[in-house]
Amino acid sequence: MNAPNDTPVRDLLVVGAGLAGIYAMYRALEKGLDVVGVEAGESVGGTWYWNRYPGARCDVESVDYSYSFDRQLEKDWRWTERFATQPEIRSYLDHVADRYDLRRHFTFGRRVTAARFDEQASTWTLTLDDGAQHRARFVMMATGCLSAPHRPDLPGIDDFAGTQLFTAQWPDEPVDLTGKRVGLIGTGSSGIQAAPLLAEQAQSLTVFQRSANYTVPARNRPLTEEEQQEIQATYPQRREASRYAPAGSLSTTHPQKATEVSAEERARAFEARWQEGGVLFAKTFPDQGTDLVANDYAREFAEAKIRAIVADPQVAEDLIPTDHPIGTKRIVTDTGYYEMYNRDDVQLVNLRREPIEQVTAWGIKTSTAAYELDVLVFATGFDALTGALTSIDLRGARGAVLADEWADGPTTYLGLGVAGFPNLITLNGPGSPSVLANMSTHTEQQVDWGMDLVTYCLENGIDQAEPRRDAAEKWTEHLGEVAEGTLFTRAASWYMGANVEGKKRTFMPYIGGFGNYRRLCDEARDTGYAGYVLT
Ligand code: N01
């Protein structure tokens, strides 16, 4: 694959125009780089462009899930709710792209299919799905952590005569489910968020659940005027604290361990978090993620809630997870999910008891029953963290092929670079805290670090910056050790790659805390990029 000689060699190519790609483009232009971007969607937004299913909403508070790089942007944008909806986040990202005039630097509606590094010329050539090519010295992959949808290969799936919908690729135009018998496969964050709204619209909803998940009430609400003013008054301090917080936004845990306090105090603390709503229930006590006894206290509390809310005892039991400590799969936040099962027009099918045998023209046949459906909604997740990168034919130096390099699990240097792939920066990649942190704080850190590396090389006549293999192996080993010190490796989660058949099971994000990670990245930069071979 050789680009024609007249293809200009840019300083930088940005792949993706989601949260990370938008900010990477902003920073590159601010630094005066010659930069272009490519985005598969028809507009900016990434995750928030594609995931338009009913109920899609962020589980990080809106005032934190936003850029902090421009104080005036913060002052001008007003979030309306505690947790923003997909349309509100999408219009925020549209606003940012327009405000800084970023769109014209992207090619939209084109997917990068291949990337080759030319060692002699020290340039990358990227090929798009229409055959067009771009060349650049550096590439930033802002391709997302949860952007390669995972479609289950169910027998007979193509025979279904009704409508198939995917939460991760929901149509832009409204979908009318009135009078429809809807089936939903998948009970992760997407399925659990969508289900109550699907139930409201449809004639009936049948939820096909393979694994139950823990979910806590989001308790979303409009932000009051007083809160708006308080946020504005303290925004800079809030942001600064978030930059060094364990998960990239403010959170506190109980000052004592769950195992150290009385049963009454535990119940009080869990109840307070349950009423407060949101993902921080999983961090009520500091030892919940590391000590099974502490975790059991949280788990039992949540399970009692499920039994109290769901009227049918068998349905309640089916909704209680049996296969992982609470919080070791991404805890879900919902609005009315358990309550939904008290409706007469909603039923739960426990696929562990009656597995799907066949999708037919009229619906789904399990081992014990037949379910007639007009619409089948798939909320079946993603080939997380690595899928968006390994689906590109990405070839680096000395014949390195990314999909092969990562066949045994991703090895990265700080999640930001891969040995064998010079001048390639993987933003929010495996090996960084990524999905365990507030993605907007994390994204700014990643882009800033990557941009520092690019400008350092350009300003110092460095042609190639390639992570040292020993540094990458050491980082990946450290990452594994930190994960082993937690309960997270006990869950067959997408963090572990367990949801994709044949994918190596290994804990992919860095769980040592975002603040610690930032300090390690800063140190790596400030000591002259010792983890890189610079030539
Ligand atoms: O995907 P998932 P998601 N037959 O992988 C099931 C973020 N997010 O899109 O567990 C039957 O969690 C699968 O079952 P099992 C958030 O980080 C955030 O919901 O493999 N079922 C599972 O139930 C989240 O964690 C927000 O047994 C099949 C489901 O599909 C991440 O994205 C909102 C199946 C997939 O769940 C991913 O969430 C949405 C099959 N063949 C997403 N294959 C918020 O901010 C898969 N499943 C709130």
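Scope of the values below: all heavy atoms of this structure, side chains included, with no hydrogens, waters or symmetry mates. Whatever order the structure lists them in is the order used to number ligands and atoms, beginning at 1.
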Pairs under 3.5 angstrom only: tabulate donor-acceptor contacts from the side chains of residues 88-96 to other protein residues two or more places apart or in another chain.
residue	atom	partner	partner atom	Å
Glu88	OE1	Thr80	OG1	3.1
Glu88	OE2	Thr80	N	3.0
Glu88	OE2	Thr80	OG1	3.1
Arg90	NH1	Asp172	OD1	3.2
Ser91	OG	Pro87	O	3.2
Ser91	OG	Glu88	O	3.0
Tyr92	OH	Tyr67	N	2.9
Asp94	OD1	Arg103	NH2	3.1
His95	NE2	Arg99	NH1	3.3

What residues sit with at least one heavy atom under 4.0 Å from ligand 1? Tyr53, Arg57, Cys58, Asp59, Leu146, Pro152, Leu154, Ile185, Gly186, Thr187, Gly188, Ser189, Ser190, Gln193, Arg210, Ser211, Lys329, Arg330, Leu351, Ala379, Thr380, Gly381, Phe382, Trp494
Tyr510: which of Tyr495, Trp475, Phe488 passes ring-ring contact (aromatic ring centres under 6.0 Å, His included): Trp475
Arg330: salt bridge (charged side-chain N to carboxylate O under 4.0 Å, His left out) partners, not counting sequence neighbours: Asp59
Counting N and O atoms only, with roles assigned by atom type, does the side chain of Gln445 sit under 3.5 Å from a partner on the main chain of Ser440, one being a donor and the other an acceptor? no
Using the ring centroid of each side chain, check whether Phe270 and Phe285 are separated by less than 6.0 Å. yes
Report the residues that fulfil salt bridge (charged side-chain N to carboxylate O under 4.0 Å, His left out) with Asp70, sequence neighbours left out, ordered by chain and then residue number. none
